[in-house]
S.K.: 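I have a structure I would like to understand better, so I am pasting it below and will then ask my questions one at a time.
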Amino acid sequence: MSKAKVTLLYADENGEIFDAPGVQALGRTGHINVPLRKQDLLPLPDTADLMFLPQRMPLGIQNDEIIPIAGQAVAAILPAGYTRTYLPAFMAEENAVPLPLYGYTAVALYRDELYMAALYTDKNDKWDPAIYNDGELKARILEVEKLFPHNRLVKHLAHCSLEWHCCTAQNMFYGRWEAGIPTSPVCNAHCLGCISLQESQCCASPQSRITFRPTVEEVTEIGSYHLQRAPEAIISFGQGCEGEPSLAYQTIAPAIRAIRQKTLRGQININTNAGFTTGIEAIVDAGLDSMRVSIISAVPENYAAYYRSNYSLLDVQNSIRYAKEHGVHISLNMLYFPGFNDNKVESAAWRKFLRETPVDMVQVRNLNIDPDYFLERVTCDAPPLGTKMFLGGLKGEFPHLTIGSFSHYQNNEKN
């Protein structure tokens, strides 16, 4: 009985997807292409999307030889909660235009079903796409706009909800869970994969950045409104539509104090690069409950190559230590790229970082970026351990560490 093969997929010039019988699919980890096996794959969920990759031919194996296939490479874009383990294997044309900022995942055909190279890292039904963008959203937005007719943040979040389909923006209007409150139009980093502001020579950003600085009153108004009414309520500073929130500490800190005068319910969170320690300290002192720190590398040179910031990795560690010493729950938002974070050099650096820096959780999030564009700008020469071994090793050495994909509600309500 012959074994079923993991078969390569490709797209034609019209974007229609086909399989290539007899050609085994490859996945990519860092610079290395490897054959995909059934044990590397999970069934592709209905909430995933398929994309073809222009100017890039897929690579597969036929008769023990790696060959390009005429057509366009195909990738899966995964829903939150899944961590990709392999990138799509392709050969880019010379001078190919950088791909848009998505988390490209290897996808293949197995027994006439679509499969993806991924792990299921975290279950959280609150982020199921099926419960967003429903027929009631516009009416709910109108209700909140009537309550706060002069609040510019309400109008901004309405735009993010309808134009960019942002879940944390929509939660403000649905009256539930985590709601984002953007505050900062500026940043202290120029991330390679910034989703709200890109240099003109790179790819386009998938959303626009906030153009104004909210007042303390505007933040207080909608922050207290959400915490007072929502179940498992979280308000979060630091959204995809803004820069670095700690730079707005002169707004956020007094707003947190004002919110806490109105209500002790719920959780106040910041999503931050944590590079501006002065701002982080002020926000922590005001009553912050949790902090999620964006981080891609524990190797200072690679960290600097990605963030291109005016602060150092040591500043980030100092901010984390200060927050943790003051009772703040700390998560790392680990931007994950197979073959990079899990290679031997990076893995050793991560373990050293976690020994020196107190962290409660690691949220593994797929890095949205063109693979070639990223690898041209960081050092990724060490052999990969593999995603399962890397994450398992972290959990083995740091058993207290939660490894997942989402911010988990912390019941910090004060009596």
Side-chain angles (χ1 to χ4, degrees), residues 47 49 77 79-80 100-103 126-187 191 193-200 202-230 233-248 251-252 255 259 268-272 292 294 333 365 368 407:
T47 48
D49 293 316
I77 309 301
L101 296 171
Y102 293 103
K126 294 175 182 175
W127 302 108
D128 185 343
I131 60 176
Y132 292 88
N133 301 293
D134 65 15
E136 298 181 3
L137 178 59
K138 288 185 178 180
R140 290 177 178 272
I141 288 172
L142 288 174
E143 289 176 8
V144 179
E145 286 179 333
K146 288 178 182 178
L147 286 174
F148 308 113
H150 304 297
N151 193 311
R152 293 171 298 167
L153 276 172
V154 173
K155 294 179 175 60
H156 177 81
L157 292 171
H159 176 78
C160 291
S161 296
L162 298 173
E163 182 70 21
W164 311 122
H165 308 292
C166 173
C167 295
T168 58
Q170 291 185 21
N171 281 340
M172 177 66 70
F173 303 106
Y174 286 124
R176 65 190 184 193
W177 314 325
E178 182 177 0
I181 302 181
T183 56
S184 179
V186 297
C187 198
C191 300
C194 180
I195 60 174
S196 68
L197 188 65
Q198 278 293 325
E199 297 170 317
S200 58
C202 181
C203 45
S205 299
Q207 60 194 41
S208 58
R209 182 174 288 187
I210 191 171
T211 58
F212 65 94
R213 298 175 185 272
T215 65
V216 172
E217 291 72 24
E218 286 173 317
V219 173
T220 302
E221 191 171 55
I222 65 168
S224 57
Y225 169 74
H226 185 74
L227 292 181
Q228 286 172 330
R229 72 175 186 141
I234 304 173
I235 56 170
S236 282
F237 302 103
Q239 303 303 303
C241 63
E242 64 176 313
E244 168 52 37
S246 66
L247 299 179
T251 298
I252 292 175
I259 289 169
I268 300 178
N269 176 70
I270 189 169
N271 303 312
T272 173
R292 186 175 73 166
S294 171
N333 186 43
R365 304 299 289 268
N368 296 334
S407 294

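Just so you know, residue 1 is the first one in the sequence shown, and it goes up from there.
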S.K.: Between Ala169 and Cys160, which heavy-atom pair has the shortest distance, and what is it?
M.R.: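 Heavy-atom minimum between the residues: CB-CB, 3.9 Å.
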
S.K.: For Lys155, does the NZ atom have more than 12 heavy-atom neighbours from other residues, nucleotides or ligands under 6.0 Å away?
M.R.: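 Check passes, neighbour count above 12.
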
S.K.: Once rounded to the nearest 0.5 Å, what's the spacing between atom CG of Leu157 and atom CD1 of Ile181?
M.R.: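 If I round to the nearest 0.5 Å, the distance is 7.5 Å.
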
S.K.: Roughly how far apart are Thr215 OG1 and Arg152 CZ, rounded to 0.5 Å?
M.R.: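 Thr215 OG1 to Arg152 CZ: 6.0 Å, rounded to 0.5 Å.
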
S.K.: Any side-chain heavy atom of Trp127 sitting closer than 4.5 Å to one from Cys167?
M.R.: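 Yes. Closest side-chain heavy atoms under 4.5 Å.
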
S.K.: CD/Glu244 to SG/Cys187 distance, rounded to the nearest 0.5 angstrom?
M.R.: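 Between Glu244 CD and Cys187 SG, I get 6.0 Å after rounding to 0.5 Å.
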
S.K.: To the nearest 0.5 angstrom, please state how far the OG1 atom of Thr220 sits from the CD1 atom of Ile252.
M.R.: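 That separation rounds to 11.0 Å.
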
S.K.: Side chains of Glu242 and Val186, heavy atoms from C-beta outward: is any pair under 4.5 Å?
M.R.: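 Glu242 does not reach Val186 side chain to side chain.
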
S.K.: Check Ile77 against Gly103 and note the closest heavy-atom contact, atom names and distance.
M.R.: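 Smallest interatomic distance, heavy atoms only, reads CD1-O, 3.8 Å.
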
S.K.: Could you check whether any side-chain heavy atom of Glu218 comes within less than 4.5 Å of a side-chain heavy atom of His150, counting everything from C-beta outward?
M.R.: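 The answer is no, as the side chains (C-beta and beyond) never meet within the 4.5 Å cut-off.
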
S.K.: Apply side-chain contact (heavy atoms from CB on, under 4.5 Å) to residues His165 and Gln170 and explain how you reach the verdict.
M.R.: CA-CA 7 Å; His165 308 292; Gln170 291 185 21; 4.2 Å; yes

S.K.: Below 4.5 Å, heavy atoms only, C-beta onward: do Asp134 and Tyr174 meet side chain to side chain?
M.R.: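 In short, these two side chains touch, coming nearer than 4.5 Å.
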
S.K.: Once rounded to the nearest 0.5 Å, what's the spacing between atom CD of Glu163 and atom SG of Cys241?
M.R.: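 The distance works out to 12.5 Å.
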
S.K.: Considering only heavy atoms from C-beta outward, does the side chain of Thr272 approach that of Arg292 to under 4.5 Å?
M.R.: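 Heavy-atom side-chain distance check fails, nothing below 4.5 Å.
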
S.K.: With rounding to the nearest 0.5 angstrom, report the CD1 to CZ distance, Ile270 to Phe237.
M.R.: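 Rounded to the nearest 0.5 Å, the CD1-CZ separation comes out at 7.5 Å.
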
S.K.: Identify the heavy atoms of Pro214 and Pro182 that sit nearest to each other, and give their distance.
M.R.: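 Pro214 and Pro182 have their closest heavy atoms at CG-O, 3.5 Å.
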
S.K.: Taking all non-hydrogen atoms of both residues into account, name the closest pair between Ile210 and Pro185 and its distance.
M.R.: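 Where Ile210 meets Pro185 most closely, the heavy atoms are O-CB, 3.3 Å.
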
S.K.: Specify the closest pair of heavy atoms between Ser236 and Asn269, including all atoms of both residues, with the distance to one decimal.
M.R.: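 Nearest pair, atom of Ser236 first, then Asn269: OG-ND2, 3.0 Å.
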
S.K.: Can you tell me if CZ on Arg213 sees more than 12 non-hydrogen neighbours from other groups inside 6.0 Å?
M.R.: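 No, not enclosed.
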
S.K.: I'd like to know whether Gln239 forms a side chain to side chain donor-acceptor pair (under 3.5 Å) with Thr168, so could you lay out the CA-CA distance, the side-chain angles of the two residues, the decisive distance to 0.1 Å, and finally the verdict.
M.R.: CA-CA 8 Å; Gln239 303 303 303; Thr168 58; 2.9 Å; yes

S.K.: Does the ring of Tyr132 carry Arg176 above it, NZ/CZ under 6.0 angstrom from centre and within 45° of its axis?
M.R.: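 Yes.
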
S.K.: Would you say Asn271 and Asn333 make side-chain contact, with heavy atoms under 4.5 Å?
M.R.: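 They are not in side-chain contact.
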
S.K.: Between Ile141 and Ala158, which heavy-atom pair has the shortest distance, and what is it?
M.R.: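 Residues Ile141 and Ala158, closest heavy atoms: CG2-CB, 3.6 Å.
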
S.K.: Ring-plane angle category for Phe148 and Tyr225, please: parallel below 30°, perpendicular beyond 60°, tilted otherwise.
M.R.: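 Geometry flag for Tyr225 against Phe148: perpendicular rings.
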
S.K.: Applying the side-chain hydrogen bond (donor to acceptor under 3.5 Å, both in side chains) test to Asn151, which of Glu217, Glu221, Glu145, His156 qualifies?
M.R.: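 One option only clears the test, and that one is Glu221.
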
S.K.: Could you check if a side-chain atom of Leu137 sits within less than 4.5 angstrom of a side-chain atom of Leu162, using non-hydrogen atoms only?
M.R.: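 Result yes, sub-4.5 Å side-chain heavy-atom pair found.
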
S.K.: Sub-3.5 Å donor-acceptor pair from the side chain of His226 to the main-chain atoms of Trp177, do we have one?
M.R.: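 Such a contact is found between His226 side chain and Trp177 backbone.
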
S.K.: Taking the side chain as C-beta and beyond, is there a heavy-atom pair between Leu227 and Ile234 under 4.5 Å?
M.R.: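 No, their side chains stay 4.5 Å or more apart.
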
